[in-house]
Amino acid sequence: MPIHIIRQDITKIKCDAIVNAANNTLLGGGGVDGCIHKAAGRELLKECKTLGGCATGDAKITKGYKLPCKYVIHTVGPIWQGGMQGERVLLESCYKKSLQLAKENGCETVAFPLISSGVYGYPKAEALEVATNTISEFLTENEMTVYLAIFDKKTYRISEKLYNDVAAYIDDNYIDENFERDRRRMQGYSVSMSDFKAAAYFYEEEKTSLEDMLSKMDDNFAVTLLKLIDLKGMNDVECYKKANVSKQTWYKIMNEKDYKPSKNTVLAFAIALKLTLEETKHLLSTVGFALSKSNKFDIIIEYFIINGIYDIFVINETLFKFDQVCLGV
Ligand code: AR6
């Protein structure tokens, strides 16, 4: 099941549990801890007082009170001391223990802030890497939807070079549709009658029975996808998990004859399967989509495919930086 990176105040997320970046006392503090206590009300502090604190790397659970979630999972991240004091292992443990607690309490949707990346000083880019790696590892074995609430765009780890390369690629390839239309109008662009006649003649030549045409129809999306999965030596579960696509969506694709996946979903599969640009275009065409030069999202995806970069998290972080929706959402 998927991990969604979103830019949102965690206290506003409606899900089964939100995770709090707390301290060892569990008695509140600043940052996200302060926001959560404020939004939940005094009852949360009352329950926290009964918990006897929490060790670094561990997690404890309370009710959500006035928050729009059932539970708050309080975890205590490590204080950054240069990276040689076992900070990474402790931070991984925060995510693992919190997810385990969420699972034990039947949570299907959980939202995390970027633990330790504020007051505790863990470098944001590394904190994000630990978060995405640890959560995705958990999700390969478990069914849960996890949101990673990022407050600050700067958190994104993509390098300046990647950002600049993608920006340059967009500049070179982006066609503003309105600009194109106006330009054509200004140039008096029109289709002549003889063009139409030529097209009609061509159609006559090619005319064939509807039955014939239907029998030659290409494989549909589900069949094409399954063939590509085999071709790339993957299995179904591995593929949809890698694509950050939920089990429900996968089920619909495979079982509902008329189900049409979104373009976003098709592209998530293309990335998971490491398709070439041609293969991607073919997969898109099975549901009537194409990559457009007037769509920044499409151009960014094209950039990654052409450059053979298929890390969905790097791609999503880049999309996020360019204010586009993430893949597999
Ligand atoms: N929603 C989502 N993320 C947020 C929010 C919010 N409402 N508010 C802040 N962040 P921090 P830590 C982000 O400092 O580093 C407290 O005093 C923020 O931008 O809250 O683990 C505790 O009591 C940052 O990226 O937690 C502890 O003493 C991330 O949440 C100490 O801070 C974590 O920042 C814990 O420090």
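Start at 1 and go down the list; that is how both ligands and their atoms are numbered. Note that this is a predicted model, so its numbers are computed, not measured.
- The cationic atom of K260 (NZ for Lys, CZ for Arg) lies less than 6.0 Å from the six-membered ring centre of F289 and within 45° of the ring axis.
- Q81 is linked by a side-chain hydrogen bond (donor to acceptor under 3.5 Å, both in side chains) to nothing, counting only residues two or more places apart in sequence or in another chain.
- Residue contact check for ligand 1: G77 places no non-hydrogen atom closer than 4.0 Å to it.
- Taking any N or O of D33, backbone or side chain, at least one lies under 3.5 Å from an N or O belonging to ligand 1.
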E143 and K241: CA distance, side-chain angles, deciding distance, salt bridge (Lys or Arg N to Asp or Glu O under 4.0 Å) verdict: CA-CA 10 Å; E143 294 297 336; K241 287 203 163 167; 3.7 Å; yes
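- A heavy-atom distance below 4.5 Å is found between the side chains of L225 and I229.
- Atom NZ in K12 sits 10.5 Å away from atom CD1 in I18 (nearest 0.5 Å).
- Side chains of Y259 and Y251 form no contact here, defined as non-hydrogen atoms less than 4.5 Å apart.
- The distance from ligand 1 to the heavy atoms of S117 drops below 4.0 Å at these ligand atoms: 15 (O), 24 (C), 25 (O), 29 (C), 33 (C).
- For residues 18-33, the set of pairs meeting the salt bridge (Lys or Arg N to Asp or Glu O under 4.0 Å) definition, not counting sequence neighbours, is empty.
- Checking only distances, I115 never comes within under 3.5 Å of ligand 1, N or O to N or O.
- The shortest N/O to N/O separation between G30 and ligand 1 falls below 3.5 Å.
- Close contacts of ligand 1 with C35, meaning ligand atoms under 4.0 Å from a residue heavy atom, involve 7 (N).
- Heavy-atom contacts of D9 reach the following atoms of ligand 1: 1 (N), 6 (C), 7 (N) (cutoff under 4.0 Å).
- Between the E141 side chain and the F138 main chain, no donor and acceptor come within less than 3.5 Å of each other.
- An N or O contact shorter than 3.5 Å is missing between P113 and ligand 1 by distance.
- Heavy-atom contacts of G31 reach the following atoms of ligand 1: 20 (O) (cutoff under 4.0 Å).
- Taking all heavy atoms of L114, L148, V119 into account, the minimum distance to atom 14 (O) of ligand 1 is reached by V119.
- Between A21 and ligand 1, no pair of N/O atoms sits closer than 3.5 Å.
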